[in-house]
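Everything numeric in this text was worked out from a predicted model, so none of it was measured. We name chains A, B, ... by the order of the sequence lines, and we start the count at 1 in each one.
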Amino acid sequence: MNKAVAFSSRNFKEIIRDPLSYIFCLGFPLVMLAVMTLVNDGIPEEAGMTIFRIDNLAGGIAVFGLTFIMLFTCLSVAKDRSGAFLVRLYATPMTSGSFILGYVLPTSLLAVLQLITTLAASFVVSLITGIELNTLGLLLTLLSLLPTVIMLIACGLLFGTLFSEKAAPGLCSIVISLASFLGGVWFDADGVGGVLLDICNALPFYHAVKAARMASALDFDGYLPHLLITLAYAVVITAASVIVFKHKMKADLQ
Amino acid sequence: MNAIETENLTKRYKTKTAVSGLSLSVHEGELFSLLGVNGAGKTTTIRMLSCLSKPTDGECYICGHNCVTEQSAVKGLVGISPQDTAVAENLSVLENLRLMCGIYGYSPEKANRRIDEMTELFRMSEVANSRAKTLSGGWKRKLSIAMALISEPKVLFLDEPTLGLDVLARRELWNVVEELKSKITIVLTTHYMEEAEALSDRIAIMIDGSLAALGTLSELEAQSGESGLENTFVKIAGEFGKGA
Ligand SMILES: Nc1ncnc2c1ncn2[C@@H]1O[C@H](COP(=O)(O)OP(=O)(O)OP(=O)(O)O)[C@@H](O)[C@H]1O
Ligand SMILES: [Mg+2]
């Protein structure tokens, strides 16, 4: 456990000392929140389009922001794997479990900090725009997104383990785009329906966004299936990432 | 007991035998140099001895512990400074050292004591709080070696520790190695003959993964009839190539 804590603290420092982390993990979600709020302001009420209204936007942006935590997890792992630093640690008594915890703990902490920031910012927006957001709802949004945090960090670990430092960021940006699009962050998936909705339904992102939006609205009618689906994805992807990481580490030491 | 013992140690990759039937022993407290041209198998040998790679054939032991079946014992005994400098770039010198202490589970008191000892040994106090990525090559290399030493290893592997260093930095590093000599067992690889000459107790010359010669400098000179390590190395390498 000591080893995992020591390695976590190193990974935490590596991430928070990289200015890019602030730009992507904090700056970008906040900018999107502001921009989309302005866009929403320009949409006439008769259009009946509420996707960018803060009560819908808050949960969407929260999930969108978390996908960047996936990117940073992935980059940390891929970067370490490309250099000699990990080789040095492989020669110490560190186990694969301590490595995994060392990557997951600091990024989980960052994810929670990010969620607190974006949800607090959403609350401020709700005050300004006069559309009510409930603080209890926002707190429940944060809790509802914890399985998503785990799922995305596990995705980051998986991609960082499987792909090189060069390939990983490109792959992550595809996942980020897909997640926010197919999660229904930027359009009303329920309104569009059809095959697109089926695809959204099959993937975890739509359910994550749904669970977040419903929690923030304190509307728990049909909430549980969405939460359980993200939880199931989190369990499966976490298991996969742990297996792949252990396997890769063993292969590296052949 | 010998610090290192290898018996018929062999590493085969798909298309290449990197190390072939290597049998040697390194005494406790000895400074043992592994010489050989690029691709001779020096790094591969070190990787097998520090549990970073599994032998395809043969056995190797660190202080009597088998490198394959007793990995945790071996990992507690060895320190490695890899050929490529291996430090956490965004951490300061002190933080890098503290990280290693954490990984070895040291108490804060022990960690502080070891960090002080390392900063003194490598005269690193002026850069103690600098981020690793801002350090010059020489300082980085020193830090990389200090990180290998901080766990008080019985056997230290230095894979080309002075590669890319200027003359002064190299001499400084030699001084540190001199201070460590006889306290711990050191295996050094280098392409600088004068370095091996200045530091080693015994020298092994590897060619194409095999052991071509082994002995003290004077033994190797006598064996080859040449004087100076460079001439000796060239002669031995040339004869071995002819299948002698
Ligand atoms: N993972 C690997 N897969 C295939 N071949 C490898 C692998 N690692 C090393 N080799 C090959 O094994 C041989 C020995 O490599 P090694 O790195 O041990 O040499 P070296 O003596 O350390 O060389 P240098 O002085 O350049 O560092 C080389 O031909 C190398 O290409
Ligand atoms: Mg080498």
Side-chain angles (χ1 to χ4, degrees), chain A residues 1-25 72-73 75-103 105-107 110 165 246-254, chain B residues 11-13 43 46-56 67-68 71-92 95-108 111 131-133 140 143-145 147-148 150-151 153 155-157 159:
Chain A
M1 197 61 202
N2 272 337
K3 305 179 202 321
V5 171
F7 189 52
S8 296
S9 114
R10 174 261 173 177
N11 291 332
F12 189 69
K13 285 180 192 143
E14 291 266 4
I15 294 178
I16 62 167
R17 286 177 186 176
D18 180 356
L20 280 182
S21 320
Y22 295 93
I23 297 175
F24 282 107
C25 291
F72 273 80
T73 313
L75 282 180
S76 304
V77 179
K79 239 190 250 165
D80 278 353
R81 291 179 48 77
S82 75
F85 184 70
L86 212 56
V87 171
R88 130 157 293 142
L89 296 187
Y90 280 166
T92 69
M94 253 178 92
T95 58
S96 51
S98 335
F99 278 109
I100 293 172
L101 274 180
Y103 287 117
L105 292 178
T107 43
L110 286 171
E165 196 188 351
K246 288 193 171 189
H247 177 82
K248 214 39 182 196
M249 179 168 167
K250 218 172 148 197
D252 285 346
L253 296 177
Q254 271 309 307
Chain B
K11 181 75 189 183
R12 269 187 296 271
Y13 292 109
T43 300
I46 289 183
R47 285 174 57 87
M48 287 190 281
L49 290 169
S50 44
C51 306
L52 290 171
S53 174
K54 288 211 180 71
T56 322
C67 296
V68 177
Q71 289 212 355
S72 51
V74 171
K75 284 179 174 180
L77 290 167
V78 303
I80 177 168
S81 165
Q83 185 163 345
D84 302 308
T85 311
V87 300
E89 298 283 340
N90 273 322
L91 263 52
S92 71
E95 287 168 340
N96 264 291
L97 294 173
R98 199 169 296 283
L99 167 66
M100 294 311 285
C101 292
I103 284 170
Y104 283 95
Y106 288 177
S107 67
R131 301 262 170 96
K133 66 175 172 194
K140 253 193 203 175
L143 172 60
S144 189
I145 297 172
M147 287 166 74
I150 202 156
S151 62
V155 180
L156 175 66
F157 295 103
D159 200 354

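Between chain A and the options B/Ala88, B/Gly79, B/Ser50, heavy-atom pairs under 4.5 Å are most frequent for B/Ala88.
Applying the ring pair (Phe, Tyr, Trp, His ring centres under 6.0 Å) test to every pair with at least one member in residues 71-90 of chain B, sequence neighbours left out, gives no pairs at all.
For B/Lys54, the NZ atom counts as densely surrounded, since its 6.0 Å shell holds more than 12 non-hydrogen atoms of other residues, nucleotides or ligands. Sparse packing is recorded around CZ of A/Phe24, with 12 or fewer heavy atoms of other residues, nucleotides or ligands lying under 6.0 Å away. More than 12 heavy atoms of other shown residues, nucleotides or ligands fall within 6.0 angstrom of atom NZ in A/Lys13.
To the nearest 0.5 Å, the span separating CZ on A/Arg17 from CD on B/Glu89 amounts to 13.0 Å. Atom CG of B/Asp84 sits about 11.5 Å away from atom CZ of A/Arg88, to the nearest 0.5 Å. With rounding to the nearest 0.5 Å, the separation of CG in A/Asn2 from SG in B/Cys101 is 11.5 Å.
For residues 89-98 of chain A, a heavy-atom distance under 4.5 Å to chain B picks out A/Leu89, A/Tyr90, A/Ala91, A/Thr92, A/Pro93, A/Met94, given by residue number.
You'll find the side chain of A/Ser9 stays beyond 4.5 Å of the side chain of B/Glu95, heavy atoms only.
Only the side chain of B/Arg47 comes within contact range of chain A, with heavy atoms under 4.5 Å apart. Residue contact with chain A, scored on non-hydrogen atoms closer than 4.5 Å, involves the backbone and the side chain of B/Ser53 alike. Both the backbone and the side chain of B/Ser144 come within contact range of chain A, each with at least one heavy atom under 4.5 Å from a heavy atom of that chain. For B/Met147, the parts lying near chain A are the backbone and the side chain together; criterion is any non-hydrogen pair under 4.5 Å.
The only option from B/Leu91, B/Asn90, B/Asn96 that meets the side-chain contact (heavy atoms from CB on, under 4.5 Å) definition with A/Arg10 turns out to be B/Leu91.
Annotation for A/Ala6 and B/Ile103: closest pair CB-N, 3.9 Å, computed over non-hydrogen atoms.
Under the rule for a salt bridge (charged side-chain N to carboxylate O under 4.0 Å, His left out), the partners of A/Asp252 that lie at least two apart in sequence or sit in another chain are A/Arg81. Contacts of B/Leu77 classified as side-chain contact (heavy atoms from CB on, under 4.5 Å), with partners at least two apart in sequence or in another chain: B/Ile62, B/Cys63, B/His65, B/Lys154.
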